[in-house]
Amino acid sequence: RLTRHVRIPLFARVEGRAGEALEECYSTNISAGGMFFKARTGADRVSIGTRVDLGFSLGEQRLRAQAEVMWVDEDAFDYRGARAYGFGVRFVDLEPDVAAAIQGFIGTFRYRVVMVGAPAEEQAALAEILGGTYGLEFWETARLGGALDNVAALMLHTADDLRRVVHDLPPMPMRVVYCADQVADEVLRLVNRGIVHYFLRMPFDPVGLRTVFGRAVETFALLLENERLTGQLERAVDRLDRENRYLRSEVARHEGHETI
């Protein structure tokens, strides 16, 4: 299930039809080439090769697209933890304006997946596994510090790399440490403390590695969305507070006039 397109999180309601409507559909990610969405029903009539009609929103734009099912996950769960079905689909014959809208939306999402201290021979393997899907960057350890804006996942090559920088790193969705040999006890302690989220050893499992970073990027997107919604809520509460104070002052002024 490898993809040639950069894939970003998209948590949105989806209208899905394969003959009949699919119930409670919502997407989890999108790329220029396709989408992954979950539904409560549909596995009985949707299989690999099935054509589906999709409707979904990107910002203020409502889009429609035809797609072909490329793979089915029969063991998925929805956002409430209930059983669902996952469908990975490939867009078919996108209208130019729809394709442009998807590309434009993808271009607005800024994040980084940073690999620190990876030897040259391993960079090629990592780039092959992740480079086509995520904004993959290779750094030397010396670059770490205040330059971690928009980092969704940070991968450190050894426990030594982690030891040098762990106390200076800001919170982020995912930190991964990979070690060529024995995983250090220190790393395991940091995992237990929640400072390191994942560790692995060579050789990498492509599907597992992509799953880890997919989870990191989706978590990053949720954090950004939570910040946006929290800001909206705070502004709404502030506006209501100001309106309430104004109304109280008007009532007090009106009562004062009546007393006179």
Is there side-chain contact between Phe56 and Met35, with at least one heavy-atom pair below 4.5 Å? yes

Interatomic distance, Met155 atom CE to Trp139 atom CH2 [nearest 0.5 angstrom]: 15.5 Å

For Asp97, what residues pass the salt bridge (charged side-chain N to carboxylate O under 4.0 Å, His left out) criterion, not counting sequence neighbours? none

Under the rule for ring pair (Phe, Tyr, Trp, His ring centres under 6.0 Å), what residues qualify as partners of Phe36, not counting sequence neighbours? Trp71

Main-chain N/O of Leu10 paired to Ser27 side chain as donor or acceptor, under 3.5 Å: yes

Residues two or more places apart in sequence or in another chain: which of them pass salt bridge (charged side-chain N to carboxylate O under 4.0 Å, His left out) with Glu95? none

Check whether any side-chain heavy atom of Leu136 lies under 4.5 Å from a side-chain heavy atom of Met115, and answer yes or no. yes

Nearest heavy atoms of Ala32 and Gln103, plus distance in Å: CB-NE2, 3.4 Å

4.5 Å side-chain heavy-atom contact, Val69 and Arg51: no

Are the side chains of Glu68 and Val52 in touch, meaning some heavy atoms are under 4.5 Å apart? no

Is there side-chain contact between Tyr246 and Val251, with heavy atoms separated by less than 4.5 Å? no

CZ (Phe87) and CD (Glu74) are apart, to the nearest 0.5 Å, by 8.5 Å

Heavy-atom side-chain contact between Thr50 and Ile48 under 4.5 Å: no

For Leu54 and Phe37, what are the C-alpha separation, side-chain angles and deciding distance, and is it a side chain to side chain contact (heavy atoms under 4.5 Å, CB included)? CA-CA 10 Å; Leu54 301 175; Phe37 68 91; 3.9 Å; yes

pair Thr28-Lys38: side-chain heavy atoms closer than 4.5 Å: yes

Value for CZ (Arg242) from CG (Asp238), rounded to nearest 0.5 Å, stands at 4.5 Å

Can you measure from CD (Gln61) to CD1 (Ile102) and round to the nearest 0.5 angstrom? 10.0 Å

Starting from the C-alpha separation in whole Å, work towards a yes-or-no answer on side chain to side chain contact (heavy atoms under 4.5 Å, CB included) for Glu15 and Arg62. CA-CA 11 Å; Glu15 295 174 8; Arg62 188 65 183 171; 3.0 Å; yes

Derivation of the side chain to side chain contact (heavy atoms under 4.5 Å, CB included) call for Leu126 and Gln123: CA-CA 5 Å; Leu126 290 165; Gln123 289 185 18; 5.5 Å; no

Please give me the minimum heavy-atom distance between Phe91 and Ser31, naming the atom from each residue. CE1-O, 3.5 Å

Arg64 side chain reached by Val98 side chain, heavy atoms, under 4.5 Å: no

Nearest heavy-atom contact between Ser57 and Ala12 is O-CB, 4.1 Å

How many angstroms lie between atom CZ of Arg248 and atom CD of Glu250, to the nearest 0.5 angstrom? 12.5 Å

Heavy-atom closest pair (Gly16 atom, Cys25 atom, distance to 0.1 Å) is N-SG, 4.2 Å

Which heavy atom of Asp73 sits nearest a heavy atom of Asp75, and at what distance? OD1-N, 2.9 Å

Counting only heavy atoms not in Asp93 (residues, nucleotides, ligands), do more than 12 fall under 6.0 Å from its CG? no

Would you compute the distance between atom CZ of Phe105 and atom CG of Leu63 and round it to the nearest 0.5 angstrom? 10.0 Å

